[in-house]
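Presented below is the structure to which this report refers.
Nothing here was measured: the structure is a model prediction, and the numbers come from that model. Numbered from 1 within each chain, the chains take letters A, B, ... in sequence-line order.
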There are 2 protein chains.
Amino acid sequence: MAPKVTLREVADAAGVSTFTASKALNGGKGVSEKSCDKVLSVARQLGYVPNLAAQELRGAARNSVAVITAGTDNAYYLDMMNGIQKAAQAADQSVVLMDIAVKGAYSEELESRTVQRLLEARMSGVISTLTLRPESIARLAEWDVPIVFVDSTPPEGMGHLPSITTDNHGASLLVGEHLASFGYTDWMFLAYPDIWSSRRTREDGLREAAQRAGAQLQVVEAENSAKAACAALTEAMEARNERLPDVLITGNSPLLLGAMEAMSQLRIKAPDDMAIVSYDDFAWAPFVEPPLTVLDERAEEIGMRAARTLVQIISEQAQAIKAGDNAAPNYRKDLTQQVPVGLIVRRSCGHKGKETS
Amino acid sequence: MAPKVTLREVADAAGVSTFTASKALNGGKGVSEKSCDKVLSVARQLGYVPNLAAQELRGAARNSVAVITAGTDNAYYLDMMNGIQKAAQAADQSVVLMDIAVKGAYSEELESRTVQRLLEARMSGVISTLTLRPESIARLAEWDVPIVFVDSTPPEGMGHLPSITTDNHGASLLVGEHLASFGYTDWMFLAYPDIWSSRRTREDGLREAAQRAGAQLQVVEAENSAKAACAALTEAMEARNERLPDVLITGNSPLLLGAMEAMSQLRIKAPDDMAIVSYDDFAWAPFVEPPLTVLDERAEEIGMRAARTLVQIISEQAQAIKAGDNAAPNYRKDLTQQVPVGLIVRRSCGHKGKETS
DNA sequence: TGGTAACACCTAAACGTTTAGGTATGGCTG
DNA sequence: CAGCCATACCTAAACGTTTAGGTGTTACCA
């Protein structure tokens with residue numbers, strides 16, 4: 001039918017200039033109602049579809065934000081993405097997914113290539129789920145591309161960049177208190193690598209909590225996958241011989257899954273042989289045997305807030321540019337947020353008086 | 001530093017014309033090695049980043065594919081997206097996520113708006129996880145945008161459009177046989193709405209299987225969310241008074257989750273009071289109480305195949321255009337694929353001799 | 001009647017690329 | 001040395017928009 005209709009053609013067909021046509025389509029002023037209607041109807045009839053590339057080239061506002069992740073087989077990210085989607089949709093921004101893991105493992109080189117592509121496409125902003133390299137961030141800054149970190153923090157010395165995270169420190173203390181209330185003193189933390197900055201905060205919080213509770217904390221690190229977690233935990237347990245820790249704290253739900261696998265192989269029963277508690281709530285936690293005590297980070301909420309924050313920065317930036325001001329994004333101090341977490345107590349952490357479902 | 005460097009500036013700085021510069025950067029021929037090196041080094045030094053919008057405007061190949069979903073709080077989609085990502089990445093295509101659900105529920109109007117945006121952005125192709133309206137498809141066809149359906153089929157009468165699905169019919173027969181082997185004759189199917197076309201195929205397969213097994217099949221429909229499923233199942237159970245079905249078959253994992261919730265509230269124990277089996281394998285299935293018997297659809301594999309198929313169509317299209325041929329995508333018959341499923345037997349479906357963990 | 005303000009509209013120049021078509025330069029052939 | 005071809009390069013015209021700056025036309029007022 002109408003595979004390619006340009007604005008020029010619409011204008012000609014309507015008997016006006018491209019100027020008038022453009023104004024009419026964009027609801028601008030300075031066009032009589034008659035011309036406006038005429039243009040609109042002709043456009044519809046011809047099946048006119050504006051060319052975004054041309055618009056953008058001419059200096060229109062950018063309209064897609066990139067979400068950078070690294071190997072996400074985690075339901076947590078689904079929720080987060082949903083939140084991001086919703087907020088972005090509301091602000092008329094498309095969401096472009098960019099994963100910088102090459103086979104489940106983070107890749108520096110891919111990070112660079114990805115940032116490059118993102119610049120080439122003149123994206124309006126970036127949401128990153130992990131701490132990018134300072135080099136990448138400098139690159140984005142040069143080009144005035146705003147960035148918001150989510151569930152992760154900016155690298156050392158770049159604290160002015162906004163981040164939306166769970167209150168990981170608080171979460172750890174919360175867990176710690178809960179563990180202390182059971183009298184557990186031998187804790188093991190199964191952690192993912194620290195390209196995800198939450199790893200550090202969580203660990204530090206646990207250390208502090210352990211100290212307060214007079215407990216000791218052993219940290220075991222594994223690649224961020226169930227398989228790796230299973231192997232790492234098995235090894236750690238063997239190294240300890242028969243002596244099980246009182247409680248295992250897993251850093252997120254893929255690690256938890258791996259841990260459950262390992263425990264099932266080693267015939268360790270929770271919570272009697274060893275209690276278990278994990279970061280990241282997920283839908284199935286109540287139905288697992290035993291029902292799992294977890295921290296609820298409200299991933300969707302976090303995603304939504306991050307996207308809203310980014311969108312706001314972008315729109316302020318657009319205003320500033322229109323006003324002829326500095327095009328650099330203005331990162332106000334109050335953009336960084338910590339979302340409080342809840343501890344959802346189920347049975348995996350031990351019995352004690354009455355229990356919640 | 002270098003917020004905006006145009007090709008012209010690079011060319012000037014290198015003392016050549018834009019033509020030469022362009023050729024040099026794109027590794028084209030007809031440029032002496034000396035000029036080429038010069039241009040490249042100057043470009044690097046100035047921090048030149050090509051403008052994709054300009055390139056595209058001038059007629060370069062498109063470079064992002066859209067993935068259309070509707071309200072995906074389902075881990076199944078995460079795996080699928082991972083597969084899509086991988087294949088798209090390999091073909092240098094960006095992945096743009098477009099959800100056409102407005103509050104968890106599919107919205108016709110949003111579908112239209114989304115297709116419009118997708119056209120405006122001149123995306124290179126579409127992967128859809130649900131059966132789009134014929135109107136939308138016509139729109140895409142007008143603009144020669146290739147489409148591949150994944151985990152869903154094209155609408156009535158458009159069978160030439162490729163789709164990558166699980167062998168849903170086969171899967172249903174598989175389940176049916178399994179149920180029959182336990183002697184179950186009273187089956188209930190908890191299904192999602194049929195904008196997802198797999199609903200029909202699954203139901204038809206179950207009907208056939210039920211007939212073969214001399215069983216009866218009751219179908220209960222719910223919106224595609226755990227909450228809705230919980231409510232619908234509770235209602236259905238009440239309507240049947242005390243008489244429980246022998247087995248409940250849930251259409252996907254959010255529905256399964258809702259069903260488990262309802263069963264827990266109604267104090268129905270699986271598999272003794274009622275067996276349960278579900279479509280969609282997911283990571284936690286082995287650890288739920290009871291461990292769940294499920295169908296494994298290999299979501300990542302499906303996603304990967306879909307993306308590869310789309311990429312191939314796109315590249316053939318690009319070739320045809322370059323050769324001056326018809327720009328319409330060429331959908332060959334053999335692009336449509338059915339991926340076989342596996343039945344993973346655990347305990348939720350009943351006891352019988354030896355069992356798999 | 002002339003002055004002027006408001007309005008509807010137009011022409012033409014951008015935006016940053018690619019590329020068709022052309023022009024020097026030099027080397028080879030006969 | 002004329003004739004020819006490759007090679008390396010250039011000029012200028014697209015691609016489809018937006019928009020600054022300008023030109024009528026009408027309407028109103030003194």
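- Between the P atom of C:dT17 and the NZ atom of B:K23 lies a distance of 15 Å, rounded to the nearest Å.
- Looking only at atom types and distance, the side chain of B:E111 has a donor-acceptor partner in the side chain of B:Y106 under 3.5 Å away.
- Ionic pairing of A:R139 and A:E135 is not present here: no N-O contact between side-chain nitrogen and carboxylate oxygen is shorter than 4.0 angstrom.
- Computed from coordinates, the B:L119 CG to D:dG16 P distance equals 15 Å when rounded to whole Å.
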Anything under 3.5 Å between a protein N or O and an N or O of nucleotides 10-12 of chain C, put it in a table, one pair a line.
| unit_1 | atom_1 | unit_2 | atom_2 | d |
| --- | --- | --- | --- | --- |
| C:dC10 | OP2 | A:S17 | N | 2.7 |
| C:dC10 | OP2 | A:S17 | OG | 2.9 |
| C:dC10 | OP2 | A:T20 | OG1 | 2.7 |

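- Along DNA chain D, the nucleotide nearest to B:V31 and the one nearest to B:L57 differ in position, and the one closer to the 5' end is contacted by B:V31.
- Nucleic acid contact class of B:V10 (heavy atoms, under 4.0 Å, all strands): none.
- No donor-acceptor pair closer than 3.5 Å links the side chain of A:E56 to the backbone N or O of A:R62.
- Judged by distance alone, with hydrogens and angles left aside, the side-chain atoms of B:T20 form no donor-acceptor pair with the main-chain N or O of B:T18 at under 3.5 Å.
- Within the structure, every pair that satisfies the salt bridge (charged side-chain N to carboxylate O under 4.0 Å, His left out) test and touches residues 304-313 of chain A, not counting sequence neighbours, is listed here: A:E301-A:R305.
- Minimum atom distance to the side chain of B:S35 is reached by D:dC9, of the listed D:dT17, C:dG16, D:dC9.
- Checking side-chain atoms of A:T131 against main-chain N and O of A:W196 turns up no donor-acceptor pair under 3.5 Å.
- Summarising the geometry, the separation between CG on A:L52 and P on C:dG16 is reported as 17 Å, rounded to the nearest angstrom.
- One can place CZ of B:R122 at 20 Å from P of C:dT17, the figure rounded to the nearest angstrom.
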Using atom names, set out every protein N or O paired with an N or O of nucleotides 26-28 of chain C below 3.5 Å, distance rounded to 0.1 Å.
none

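- Two residues, B:E33 and A:Q55, neighbour DNA chain D, and the one matched to the more 5' nucleotide by heavy-atom proximity is B:E33.
- Rounded to an integer number of Å, the gap from B:K38 NZ to D:dC9 P is 13 Å.
- At whole-Å resolution of the value, CG in A:N26 and C1' in D:dT17 are 10 Å apart.
- The closest donor-acceptor contact from the side chain of A:Q93 to the backbone of A:S64 lies under 3.5 Å.
- Rounded to a whole Å, the NZ atom of B:K34 is 11 Å from the P atom of D:dA8.
- For the pair A:E9 (side chain) and A:L46 (backbone), a donor-acceptor distance under 3.5 Å is absent.
- Once rounded to the nearest 0.5 Å, the distance linking CD of B:E120 with CH2 of B:W143 reads 9.5 Å.
- The CD atom of A:E9 sits 13 Å away from the C1' atom of D:dT17 (whole-angstrom rounding).
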